[in-house]
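Quick caveat: nothing in here was measured; it's all calculated off a predicted structure. In each ligand, atom 1 is the first atom listed, and ligand 1 is the first ligand listed.
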Amino acid sequence: MQTTNIPVIPGAGGLPRLLIETDLAQTEIYPHGAHVTRWQPRDQAPVLWVSDKAVFAEGSPIRGGVPVCWPWFGPHPTNPAGKAHGFARTSSWTLRTATQSGDGSAHVALTLADNAATRTLWPHEFMLELAIDIGATLTLALTTRNTGSAPFAISEALHTYLSVADIAQTRVRGLQGARYLDQLTGAQLPQEQLLTTFSAETDRVYHTQAGCALTDPLLRREIHVAKRGSDSTVVWNPWIAKAARMADFGDDEWPGMLCIEAANAPGAPVTIAPGESHTLGTTLSVNGT
Ligand code: TA6
């Protein structure tokens with residue numbers, strides 16, 4: 001049963017898209033991957049980044065916005081040829097609810113259940129729901145329910161691509177004191193500095209349940225990334241060489257983005273018993289500085 005007062009119209013690549021424009025924010029959501037591709041609060045520049053080279057097509061992940069990485073984060077756990085970051089972000093989800101209220105807020109819920117194709121990739125029964133609450137803030141809540149008869153373990157991320165004016169002048173506060181896995185070297189290191197800064201390819205899995213804040217001096221704003229049900233925060237910028245190796249990432253786009261991802265990384269998977277559920281959430285908010 002679908003309840004919606006928000007039209008679904010063709011978007012990029014002809015994929016169905018919800019375009020939600022209220023006094024509080026402009027938002028775009030694709031049922032393909034349950035993918036939020038745009039969130040722009042009133043009087044703000046877009047908060048989410050999407051590559052100009054992004055591919056919008058069945059079966060392909062969209063480069064930018066908030067990809068849903070599930071039921072594994074990173075490479076396939078056992079099959080090196082398997083899809084990175086799981087199959088949720090390339091699946092067609094079912095739109096359950098899309099309602100806009102008079103106060104400018106909106107609520108969208110999409111679901112994905114196991115099917116023959118998913119069971120071939122990952123032999124478990126599940127119901128996945130992404131609940132999206134839109135207004136002056138943006139909240140995504142990814143709930144996994146185990147509908148099978150045996151426990152299963154997942155790793156996951158809400159792989160948020162944030163838009164910044166210049167990565168070299170961008171700072172992240174709130175990670176000090178957390179240890180992190182440097183995915184480029186495999187080293188486990190302490191985050192000693194109060195501010196995390198960026199001067200090269202950065203791909204880190206911070207072991208922390210705390211949120212953090214991105215300071216963008218040129219856009220004169222802070223983006224706060226709060227989270228729940230998350231033991232790790234992934235911070236990623238591909239920098240020059242890796243950006244050039246990705247066909248769906250413009251060679252000159254790397255200075256304009258930073259991923260700050262609420263995650264449960266493979267090092268600390270979440271085990272869900274039959275009939276139980278787990279929710280991973282993130283909330284974005286913006287304030288002027
Ligand atoms: O979240 C960081 C990361 O795991 C990087 O290692 C990089 O691979 C990025 O995700 C993008 O992955 P994708 O499969 O979307 O190209």
Side-chain angles (χ1 to χ4, degrees), residues 12-13 30 32-37 48-77 79-91 121-122 140 142 154-164 167 170 172 175 178 180-189 191 196 198 200-208 212 214 225 227 230-251 253-269 280 282 284:
Y30 286 79
H32 171 65
H35 203 125
V36 181
T37 55
L48 300 180
W49 174 91
V50 176
S51 171
D52 291 340
K53 303 270 189 183
V55 173
F56 288 78
E58 298 295 340
S60 295
I62 298 169
R63 177 69 64 194
V66 186
V68 175
C69 300
W70 188 95
W72 62 85
F73 175 82
H76 188 286
N79 172 11
K83 290 185 175 189
H85 291 327
F87 51 77
R89 64 177 181 168
T90 52
S91 295
L121 294 168
W122 193 66
L140 282 73
L142 180 69
I154 61 170
S155 56
E156 56 185 348
L158 295 168
H159 196 298
T160 305
Y161 285 77
L162 298 174
S163 180
V164 300
I167 186 64
T170 298
V172 173
L175 297 171
Y180 65 88
L181 165 65
D182 183 332
Q183 300 225 89
L184 304 175
T185 64
Q188 290 276 5
L189 300 165
Q191 174 63 45
T196 307
F198 304 90
E201 180 181 357
T202 304
D203 193 348
R204 300 178 177 179
V205 180
Y206 284 87
H207 311 298
T208 178
C212 59
L214 176 156
V225 180
K227 57 178 199 170
S230 164
D231 280 341
S232 34
T233 298
V234 182
V235 177
W236 179 59
N237 182 287
W239 220 254
I240 302 166
K242 182 151 190 180
R245 293 198 298 270
M246 294 185 284
D248 62 347
F249 199 119
D251 293 359
E253 292 185 314
W254 56 272
M257 55 72 66
L258 180 67
C259 284
I260 299 183
E261 310 159 32
N264 286 298
L280 166 69
T282 192
L284 304 181

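- For atom 4 (O) of ligand 1, the nearest non-hydrogen atom from the set His85, Arg63, Arg245, Glu201 belongs to His85.
- Between Tyr180 and Tyr206, the ring planes are tilted. Angles from 30° to 60° get that label.
- The only member of Phe73, Trp236, Trp72 that meets ring pair (Phe, Tyr, Trp, His ring centres under 6.0 Å) when paired with His85 is Phe73.
- Close contacts between ligand 1 and Glu261 involve ligand atoms 1 (O), 2 (C) [criterion: under 4.0 Å to a heavy atom].
- Annotation for ligand 1: atoms under 4.0 Å from non-hydrogen atoms of Arg89 are 13 (P), 14 (O), 15 (O).
- In this structure, Trp49 has its ring center closer than 6.0 angstrom to the ring center of Phe249.
- Side-chain contact between Arg204 and Gln191 is present, with at least one heavy-atom pair separated by less than 4.5 Å.
- When heavy-atom distances to ligand 1 are checked against a 4.0 Å cut-off, Arg204 has no atom that comes that close, whether in backbone or side chain.
- The shortest N or O to N or O distance between Trp236 and ligand 1 is not under 3.5 Å.
- Considering only residues two or more places apart in sequence or on other chains, Trp239 meets the ring pair (Phe, Tyr, Trp, His ring centres under 6.0 Å) condition with Trp254.
- Ring pair Phe56/Tyr30 is tilted by interplanar angle, where 30° to 60° counts as tilted.
- The single protein non-hydrogen atom nearest to atom 8 (O) of ligand 1 is Lys242 NZ, 3.5 Å, given as residue, atom name and distance.
- Heavy-atom proximity to Asp203, at under 4.0 Å, picks out these atoms of ligand 1: 2 (C), 5 (C), 6 (O).
- Heavy atoms of Phe73 come nearer than 4.0 angstrom to ligand 1 in at least one pair.
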